[in-house]
Amino acid sequence: MGKRRGGNKSSASCSGKSSYSNGFLVADATCGGVNDEVVDVAEERTESSNLEDSPEVKALVGSDKTSADYYFDSYSHFGIHEEMLKDVVRTKTYQNVIYQNAFIFRNKVVLDVGAGTGILSLFCAKAGAKHVYAVECSLMADMAKEIVQANGFSNVITVLKGKIEEVDLPVTHVDVIISEWMGYFLLFENMLNTVLYARDKWLINDGIVLPDKTSLYLTAIEDAEYKEDKIEFWNNVYGFDMSCIKKQAMMEPLVDTVDQNQIVTNCLLLKTMDISKMVAGDVSFTVPFKLVAERNDFIHALVAYFDVAFTRCHKLMGFSTGPRSKCTHWKQTVLYLEDVLTICEGEALVGSMSVEPNKKNHRDIDIMLKYSLNGRRCQVSNVQYYKMR
Ligand code: SAH
């Protein structure tokens, strides 16, 4: 999973060092009295000799899973779903898209690719779908089944536990595919290919994929303070030289919030993907860029983020994960540069970015950045490699 300033994906805090936020309450919610109560109850029961086998304790913690069960599949744990559901920019956009465009769903067969808790399937059922197939490969599928039942939608939603690539759908075609597949840096985890697989296998000819457009953007930021903290830190750790770790730290894109005041150049549209038409190979690409400084400043990093659009709605809908928009759990992706660039207003940082899934693990992303600045105060040309793991 991506590395980030604010911990891992299950810590949903949107704080980072940004001065704005959309008011997520995840951090507070997970530290509150509810959890304390659970701990108290669990501690009281430690007197019981067969604690682990106790059905009450199993029920209390939800299952008998250990950390080893979650290691390879974080989506089985509720924490990651809590974070996604509490990302109101994300979840509200999907809800609005579905409720305000009921004409897309009414009496239609819908496939929810990677259903998680089943939230999108529930929205679709409520909007009048004839039937929704909710496919989820993690253990959360069991919860989704219960949730569907508890909310009285068992006759409309069928939860299928398994991988899209392996599951048997009881129908040959679906009218609509809905999915929330986007990863950090848009493509991390490479779930887009799963959506494309489902589209090619089951979607009718003039069927609808939601969302259907996504765009990747690039900009450059001043980030002296945080680069010092994250990268230069390794030069002197309690008096010891740990700079060998610096190389690794440089290679890992950092997922975190960036303050819009740090932006030094224009924000450039790098690449647009049409999910209704693209092929799997399109997730590998090389695109040129030209970032023009809007003021005299230093550049420490490039920052990538993405937008998602639902163009088949009555009115265009979507959201951005950029630094000028309300914070989402995707935050932004920061790529530190080895060189500190001294750039003058009007000068251009030019180069190219290559992105491709890692050959050994196709869920990881390899990024190559070529850049050069031929300015009045700084001349630099470099190639850097990053790995999102
Ligand atoms: N739709 C939910 C969950 C989105 S996260 C929501 O919007 O809240 C993506 C989900 O897709 C995860 O739960 C993950 O386990 C599931 N997933 C990823 N790859 C999958 C695959 N190949 N087949 C089925 N489910 C998959």
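Throughout, numbering of the chain's residues begins at 1 and tracks the sequence. All ligand and atom numbering here is 1-based and tracks the order in the structure. Note that the structure is a prediction, hence the values are computed from the model and not measured.
- Among all protein heavy atoms, the one lying closest to atom 20 (C) of ligand 1 is Cys137 SG, 3.7 Å.
- With distances taken over non-hydrogen atoms, the option nearest atom 3 (C) of ligand 1 out of Gly114, Ala141, Gly183 is Gly114.
- With no hydrogens or angles considered, a side-chain donor-acceptor pair links Ser76 and Asp73 at under 3.5 Å.
- The local environment of CD in Gln149 is sparse, with at most 12 non-hydrogen atoms from other residues, nucleotides or ligands closer than 6.0 Å.
- Remark: minimum distance from atom 2 (C) of ligand 1 to any protein heavy atom is reached at Ala115 O, 3.3 Å.
- Looking only at heavy atoms of the protein, atom 18 (C) of ligand 1 is closest to Met191 SD, 3.5 Å.
- Residue contacts with ligand 1, taken as heavy atom pairs separated by less than 4.0 Å, involve Glu180 via backbone and side-chain atoms alike.
- Under the 4.5 Å side-chain heavy-atom criterion for Ile, Leu, Val, Met, Phe, Trp and Tyr, Val195 and Val167 are members of the same hydrophobic cluster.
- If you look at Tyr99 and Phe123, their ring centroids are closer than 6.0 Å.
- One finds a salt bridge joining Glu347 and Arg376 here, because a Lys/Arg side-chain nitrogen approaches an Asp/Glu carboxylate oxygen to under 4.0 Å.
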Margin query: Pair Val264, Glu294 - check side-chain contact (heavy atoms from CB on, under 4.5 Å), show working.
Written below: CA-CA 6 Å; Val264 176; Glu294 289 170 349; over 6 Å; no
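- The CZ atom of Arg312 sits 4.0 Å away from atom CD1 of Ile208, with the distance rounded to the nearest 0.5 Å.
- Ring centers of Tyr75 and His77: at least 6.0 Å apart, outside the cut-off.
- Residue contacts with ligand 1 for Met140 are absent, since no atom lies close enough (heavy atoms, distance under 4.0 Å).
- With hydrogens left out, the protein atom closest to atom 15 (O) of ligand 1 is Glu136 OE2, 2.6 Å, a heavy atom.
- For the pair Asp112 and ligand 1, the shortest N or O to N or O distance does not fall below 3.5 Å.
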Next item on the list: List the steps and the verdict of side-chain contact (heavy atoms from CB on, under 4.5 Å) for Tyr386 and Val355.
Entry: CA-CA 10 Å; Tyr386 303 87; Val355 177; over 6 Å; no
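- A heavy-atom separation below 4.0 Å is not found between Ser121 and ligand 1.
- Near Gly162, meaning under 4.0 Å from any of its heavy atoms, are these atoms of ligand 1: 23 (N), 24 (C).
- When only non-hydrogen protein atoms are considered, atom 22 (N) of ligand 1 lies nearest to Glu165 OE1, 3.0 Å.
- Of all atoms in ligand 1, numbered sequentially from 1 with element shown, those under 4.0 Å from a heavy atom of Arg90 are 6 (C), 7 (O), 8 (O).
- Both Val110 and Phe103 are part of a single hydrophobic cluster, where members link through side-chain heavy atoms under 4.5 Å apart.
- Not a single heavy atom of Glu189 sits closer than 4.0 Å to an atom of ligand 1.
- Each of the following atoms of ligand 1 lies closer than 4.0 Å to a heavy atom of Ile119: 6 (C), 7 (O), 8 (O).
- The closest approach between a heavy atom of Lys163 and any atom of ligand 1 is below 4.0 Å.
- Ion pairing between Asp87 and Arg90 fails under the 4.0 Å rule for side-chain N and carboxylate O.
- Close N/O approach between Leu120 and ligand 1 is not found [any backbone or side-chain N/O within under 3.5 Å].
- In terms of polar-atom proximity, defined here as any N/O pair under 3.5 Å, Ile164 does make such a contact with ligand 1.
- Residue-ligand proximity, Thr194 to ligand 1, at heavy-atom distances under 4.0 Å covers atoms 21 (C), 22 (N).
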